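As structure tokens, the structure follows; a few thoughts come after it.
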There are 2 protein chains.
Amino acid sequence: MALQLDVVLTKQKKEKPDFGRLGFGQHFTDHMFIMDYNPEKGWYDPRIVPYAPVTLDPAAMVFHYGQAVFEGLKAYRTKDNRILLFRPEKNMQRMNISNDRMSIPPVDEAFLLDALKKLVEIEQDWVPTAPGTSLYIRPFIFSTEPYLGVRASQTYKLLIILSPVGAYYAGGMTPVKIHVENKFVRAVRGGTGNAKTAGNYAASLKAQNEAKDLGYEQVLWMDGVEGKYIEEVGAMNVFFKIKGEVWTPALNGSILDGVTRNSVIHLLRDWGIPVQEKRIAMEEIYQAHLNGELEEAFGTGTAAVISPIGELNWNGNQLCIHEKSVGELTMKLYETLTGIQYGEVEDKYGWTVQVNETVASS
Amino acid sequence: MALQLDVVLTKQKKEKPDFGRLGFGQHFTDHMFIMDYNPEKGWYDPRIVPYAPVTLDPAAMVFHYGQAVFEGLKAYRTKDNRILLFRPEKNMQRMNISNDRMSIPPVDEAFLLDALKKLVEIEQDWVPTAPGTSLYIRPFIFSTEPYLGVRASQTYKLLIILSPVGAYYAGGMTPVKIHVENKFVRAVRGGTGNAKTAGNYAASLKAQNEAKDLGYEQVLWMDGVEGKYIEEVGAMNVFFKIKGEVWTPALNGSILDGVTRNSVIHLLRDWGIPVQEKRIAMEEIYQAHLNGELEEAFGTGTAAVISPIGELNWNGNQLCIHEKSVGELTMKLYETLTGIQYGEVEDKYGWTVQVNETVASS
């Protein structure tokens, strides 16, 4: 691809936020990546420029018909000041899977990954140092054509923005309480469940709010056809340890193919722990619980990496898991994955990619 | 409500497009309505201002999590230069139904309708005169908070933009060829099918493109659970005339509650034609076709009003309807509805609302 990446550095760097109180997705760095698409040029004018607002016609199709996809990954700072990405090529691949489903033109994955690495390298001072902190990376595409007919847009923008984020478990890892959702549905076969597209998240908010009102932190989504089979937990994939085996819902077209999910399966197989990707009825989990065989449960995703589940609320039944404490396997997975991400555990799978060429300045 | 509508008129009116070649949703008028929302003020600063781009932070939630709803209605010019809206209060009501599903704060329907009327009155020179032309009105809301956590946005914008549009049937009313979709799904119970939200339209594009590649103009959506029951056609509701009765899918939560659908049912009942809102299996339509009982079929929506269906392609079966010509009832509904909309048929239901106080200048 003949694309040439232009770089325009800011003349006025922002004051950095307090890295001890970052939260998630609230602060943004000095620069962003942006490129445009039209049918004549394809993707064009890739550039790293100062972080700045986007100006759009009110008729821009994203506001009306929601053609939009995104990705999420992180850059981690090691103790020796290397900046590492974790399996970023998987995010680039998945972006194109999402693009295909949402009728958005594909991107050059290798070019985009190079641009992403360059952006992170430029912003390496924004990768925080405290344990568990990281620089969240958000590539996203949206439609921009000012036109109200219902069809795919002819023009798009792709941006990458960066946000330093705090430790997910700043106060220690605490299992979450989950409401098994029986009214709302996240996705259905033939829908957009396996695409990382904006509308899936908008659709999930009302269920999430109602679960919060009931005292639960997340929802466990059931399938859209029968309402019996487990799909995802919140915006994460989900795993159950039952009698020494680990089960996770199979990728059936309505479940997101998570990078952390894939890595967990890989680790478990490498450790000789049986993993089954299969259709899992909530009833099976309940029966395992009654039989004392439900040993651990956890969600997987980029933000939390591993999120232990302490309680499931299903049709009025409270399933207490691992006495609401973090299970051994859950903890081992968390420590191994974060260990690899922060360069403290040997990366024998070749999952990390170093961004900076020399030792960082911080 | 204490909201005060501010009006700032443009100093430089646009050159109007050729009203004989308008197309749909491509041209926009001189002004727009806009107001903002935050948790402290609620909806605030409602204003009519010159049509202008919107500037958003790249982290604005609409780009990432797609919280967005819209409405669509039209202003029609009568022969005596009155400007009429058609049942606009229904659109305001539906916007709040969409808002509720998408966790967007409700709007004051009466205030918004007044603002809409004021905007159309200011832009009345943009309501075209030729038969079948109109001024399309697009109210829409989207989330604006610059934040990457998955939750409802705390801030929003509501805009109304206007677009003069050409006659839908400029070359005469022609029945469309429809592909019965058996791979993709538009919506499912528990999902967002009855909300007019951006993601539903993004989700529909791939099926629409694949149908076009097969030589069909639209898709007929089946239900997401069993894939057997009829939901909508393209972005319209759908009706079938069988042995003198008219059937349309019941509002089951995954179907949009169309204003034209509602008006058609009202007209048919007033005319003494039996109408059933019920679950309709595609198999029933096929059997009616084989028995020679499928007399007419049509879609209903704001853009086309009535869109006759000439052919259905279902699992390799071609159902030719009314010899691919426009059915008598289909035509009568079209002529009655458009007659009321353009002030040429007596409005005995009180469906039209006049916008301009005096005879327009054109």
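Owing to the predicted nature of the structure, the values given are computational and were not obtained by experimental measurement. In what follows, chains are A, B, ... by sequence order, proteins preceding strands, each numbered from 1.
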Tell me which of these, [options], has more heavy-atom pairs under 4.5 Å with chain A than the rest.
{"options": "B:M102, B:Q26, B:R138, B:H27", "value": "B:R138"}
{"options": "B:A52, B:A202, B:A152, B:G149", "value": "B:A202"}
{"options": "B:F63, B:Y147, B:F24", "value": "B:F63"}

- Item | Residue A:L159 versus chain B: region with a heavy atom under 4.5 Å | side chain
Do you know the tightest heavy-atom contact between [X] and [Y]?
{"X": "B:I161", "Y": "A:P58", "value": "CG2-CB, 3.9 Å"}
{"X": "A:V185", "Y": "B:R189", "value": "CG2-O, 3.5 Å"}
{"X": "B:G66", "Y": "A:A198", "value": "N-CB, 3.5 Å"}
{"X": "A:V225", "Y": "B:G224", "value": "CG2-O, 3.7 Å"}

Please report the interatomic distance [atom1]([X]) to [atom2]([Y]), rounded to the nearest 0.5 Å.
{"X": "B:N209", "Y": "A:S103", "atom1": "CG", "atom2": "OG", "result": "4.5 Å"}
{"X": "A:R101", "Y": "B:K206", "atom1": "CZ", "atom2": "NZ", "result": "7.0 Å"}
{"X": "B:F70", "Y": "A:Y65", "atom1": "CZ", "atom2": "OH", "result": "5.0 Å"}
{"X": "B:L205", "Y": "A:T192", "atom1": "CG", "atom2": "OG1", "result": "11.0 Å"}
{"X": "B:R151", "Y": "A:S204", "atom1": "CZ", "atom2": "OG", "result": "13.0 Å"}

- Query: Are any of the side-chain heavy atoms of A:Y201 and B:H64 separated by less than 4.5 Å?
  - Reply: no
